[in-house]
> 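I'd like to ask you about the structure that follows.
The figures here come from the full heavy-atom set of this structure, side chains too, leaving out hydrogens, waters and symmetry mates.
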Amino acid sequence: LDQLEAAARKFNRNFPAGLDDRLVGVRNRQESQYRIRNISIAAVSVLTAVSLLGLTWWLIDRSQRSAELSDLSMRLQEFIDEEKLVEAEQFIAAFDPEKQQMGELAPLVERVSQMRSTEDARVSTLRKMISQVQQQGLVDPDRDGLARAKELAQTESEALEINELERQV
């Protein structure tokens, strides 16, 4: 538009008043459109950059959480493999309940719970057998119950208790 106007003005002719006004109006509209376009491009660029930063932060956070859960799972699995029930329960108690139900941890937490139930049942059975042996007394000792109790004893204190009972019988 500027080139056309410059070519027309070479001939030293003045444009009619309405045409000058129209040229100024067209120029203003073009400038306004360029400004809007540039602002839109800048806004889209900023939004894209913010979105990429947000996505990057989310991916990094997710990766860190995944690595943390994997590490916690490995440590808990080690406790389970080594049958360290008390340590496993203390380890589980250290993290929040929401984390206990996440991904790889949930089945391991359930496994520790099953181990606790099995251990409680074993101790209960052992206590019943010791009680039965003690009730039988020295006159008619329950040697089979004592043998089963000895098989169930796993800790040093349980073994000592069974040995003491054997000496008495």
> State, to 0.1 Å, how close A153 and A159 come at their nearest heavy-atom pair, and which atoms those are.
CB-N, 4.0 Å
> Around E98, counting heavy atoms of other residues, nucleotides and ligands shown, do more than 12 lie under 6.0 Å from its CD?
no
> Can you tell me how far the CZ atom of R62 sits from the CG atom of L55, to the nearest 0.5 Å?
11.0 Å
> Quick one: closest heavy-atom pair of A149 and I130, and the distance?
CB-CG1, 4.5 Å
> Supply the atom-to-atom distance L105 CG to Q101 CD, rounded to the nearest 0.5 angstrom.
9.0 Å
> How long is the gap from CD on E87 to CD1 on I92, to the nearest 0.5 Å?
12.0 Å
> So, taking the atom named OG1 in T125 and the one named CG in L152, what distance separates them when rounded to the nearest 0.5 Å?
6.5 Å
> Run the side chain to side chain contact (heavy atoms under 4.5 Å, CB included) test against N163 and tell me which residues pass, sequence neighbours left out.
K150, E166, R167
> Considering residues, nucleotides and ligands other than E119, do more than 12 of their heavy atoms fall under 6.0 Å from its CD?
yes
> Could you tell me whether the side chain of Q90 reaches within less than 4.5 Å of the side chain of V86, counting heavy atoms only?
yes
> Mind listing the closest non-hydrogen atom pair of L146 and V133 along with its distance?
N-CG2, 3.6 Å
> Report yes or no: do V123 and V112 belong to one cluster of Ile/Leu/Val/Met/Phe/Trp/Tyr joined by side chain heavy-atom distances under 4.5 Å?
no
> Can you name the residues that form a side chain to side chain donor-acceptor pair (under 3.5 Å) with E89, not counting sequence neighbours?
R116
> Run the side chain to side chain donor-acceptor pair (under 3.5 Å) test against D81 and tell me which residues pass, sequence neighbours left out.
Q77
> Which residues satisfy the side chain to side chain contact (heavy atoms under 4.5 Å, CB included) test with E68, sequence neighbours excluded?
L72, K99
> Who else is in V50's hydrophobic cluster (ILVMFWY, side-chain heavy atoms under 4.5 Å, direct or via others)?
V46
> Under the salt bridge (Lys or Arg N to Asp or Glu O under 4.0 Å) rule, collect the residues that match up with E82, sequence neighbours excluded.
K84
> Between V109 and I80, is there a shared hydrophobic cluster once you connect ILVMFWY residues whose side-chain heavy atoms come closer than 4.5 Å?
yes
> Please evaluate residues V26 and Q30 with respect to the criterion side chain to side chain contact (heavy atoms under 4.5 Å, CB included), reporting the C-alpha separation (whole Å), side-chain torsions for both, the decisive distance (0.1 Å), and the verdict.
CA-CA 6 Å; V26 167; Q30 283 179 341; 4.3 Å; yes
> Whether R122 and E151 form a salt bridge (side-chain N of Lys/Arg under 4.0 Å from carboxylate O of Asp/Glu) is what I want to check.
no
> What distance separates M129 CE from I162 CD1, expressed to the nearest 0.5 Å?
9.5 Å
> Assess whether salt bridge (Lys or Arg N to Asp or Glu O under 4.0 Å) is satisfied between D61 and R65, documenting all intermediate values.
CA-CA 6 Å; D61 184 58; R65 284 182 187 218; 3.3 Å; yes
> Please check: side-chain N/O of E158 versus main-chain N/O of Q154, any donor-acceptor pairing under 3.5 Å?
yes
> Got a donor-acceptor contact below 3.5 angstrom from the S73 side chain to the L69 backbone?
yes
> Of all residues at least two apart in sequence or in a different chain, which pass the side chain to side chain donor-acceptor pair (under 3.5 Å) check with K128?
none
> List the residues meeting side chain to side chain donor-acceptor pair (under 3.5 Å) with E110, not counting sequence neighbours, and say none if there are none.
none
> Filter on ring-ring contact (aromatic ring centres under 6.0 Å, His included), then keep only pairs touching residues 82-120, sequence neighbours left out; what's left?
F79-F91, F91-F95
> Can you establish whether the number of heavy atoms outside R127 located under 6.0 Å from its atom CZ is more than 12?
yes
> Among pairs that include at least one residue of residues 37-58, which meet side-chain hydrogen bond (donor to acceptor under 3.5 Å, both in side chains), considering only residues two or more places apart or in two chains?
none
> Can you tell me how far apart CZ (R29) and CD (E31) are? Round to the nearest 0.5 Å.
12.0 Å
> Which pairs count as salt bridge (charged side-chain N to carboxylate O under 4.0 Å, His left out) when at least one residue sits in residues 43-60, sequence neighbours excluded?
none
> Got a donor-acceptor contact below 3.5 angstrom from the S63 side chain to the L59 backbone?
no
> S113: which residues meet the side chain to side chain contact (heavy atoms under 4.5 Å, CB included) condition with it, sequence neighbours left out?
none
